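Given the structure is predicted, the values throughout are model-derived calculations rather than measurements. All residue numbers refer to positions in the sequence shown, counting from 1. Numbering of ligands and ligand atoms starts at 1, following listing order.
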Amino acid sequence: MNNNEERTLSIIKPDAVERNLENNIKNFFSNNSLRIVDSKKIQITKEEAEEFYKVHQSKPFYNDLCSYLSSGPIVVIILEGQNAISENRRLMGATDPKKAEKGTLRFLYGISIDKNSVHGSDSLDNAKKEIDFFFKN
Ligand code: UDP
Ligand code: MG
């Protein structure tokens, strides 16, 4: 990878997989210079979701969030590109789709703050941890 090249983790959440948005979202990344290095469709257990989201364990929405992420198939994706972490966050838009900027994934596809279609790592450190969480053999 060249200078400023990074890898980040994206998740297409159950609400978006259920609406067959996997290809639309993958094309959106590719069309915006984020390459898909690897991806797989999986379903995780509630315990795995609790581990993945443990930074949020003190939040009031933690239990519902973990139930939700484990409620149906998700697509986990390793994205690569220039400033991939912040670029993916920009393409996703604000956490609450009602506040997401026009043209972002959450503006286009998000249903509500909990069913907001995509996850993206928020730092280099978390990107590494999150990629390992799903892709380390
Ligand atoms: N979330 C929620 N209610 C809230 C805040 C967050 O259900 O009031 C969910 C939402 O699905 C979000 C996830 O918890 O994507 C993780 O929250 P975070 O603040 O990390 O937002 P993100 O990084 O996904 O934009
Ligand atoms: Mg987050």
Exercise. Should side-chain heavy atoms under 4.5 Å link Ile, Leu, Val, Met, Phe, Trp and Tyr, which residues sit in the same cluster as L124?
Worked result: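 Besides L124, the cluster holds I85.
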message = Apply the hydrophobic cluster definition, ILVMFWY joined by side-chain contacts under 4.5 Å directly or through others, and give me every member besides F52.
response =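 Members besides F52, by chain and number: L9, I11, V37, I42, I44, Y53, F61, Y62, L65, L69, I74, V76, I78, I131, F133, F134, F135.
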Practice problem: Evaluate side chain to side chain donor-acceptor pair (under 3.5 Å) for E50 paired with Q57, printing each intermediate quantity in order. | Solution: CA-CA 8 Å; E50 286 167 354; Q57 63 192 343; over 6 Å; no
#### Entry: E5 and R35 ion-paired at < 4.0 Å
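R35 and E5: salt-bridged.
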Tabulate below the donor-acceptor pairs under 3.5 Å that side-chain atoms of residues 95-106 make, not counting sequence neighbours, or state none.
unit_1, atom_1, unit_2, atom_2, d
D96, OD1, K98, N, 3.0
T104, OG1, E101, O, 2.7
T104, OG1, F107, N, 3.3
R106, NE, N116, O, 3.4
R106, NH1, G93, O, 3.3
R106, NH2, V118, O, 2.8

Quiz item: Any idea which residues sit under 4.0 Å from ligand 1, heavy-atom distances?
Solution: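 Under the 4.0 Å cut-off, ligand 1 touches K13, H56, F61, L65, R89, T95, R106, I113, D114, N116.
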Checklist entry - Side chains of K128 and S121: does their closest heavy-atom pair fall under 4.5 Å? => result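 No. Closest side-chain heavy atoms not under 4.5 Å.
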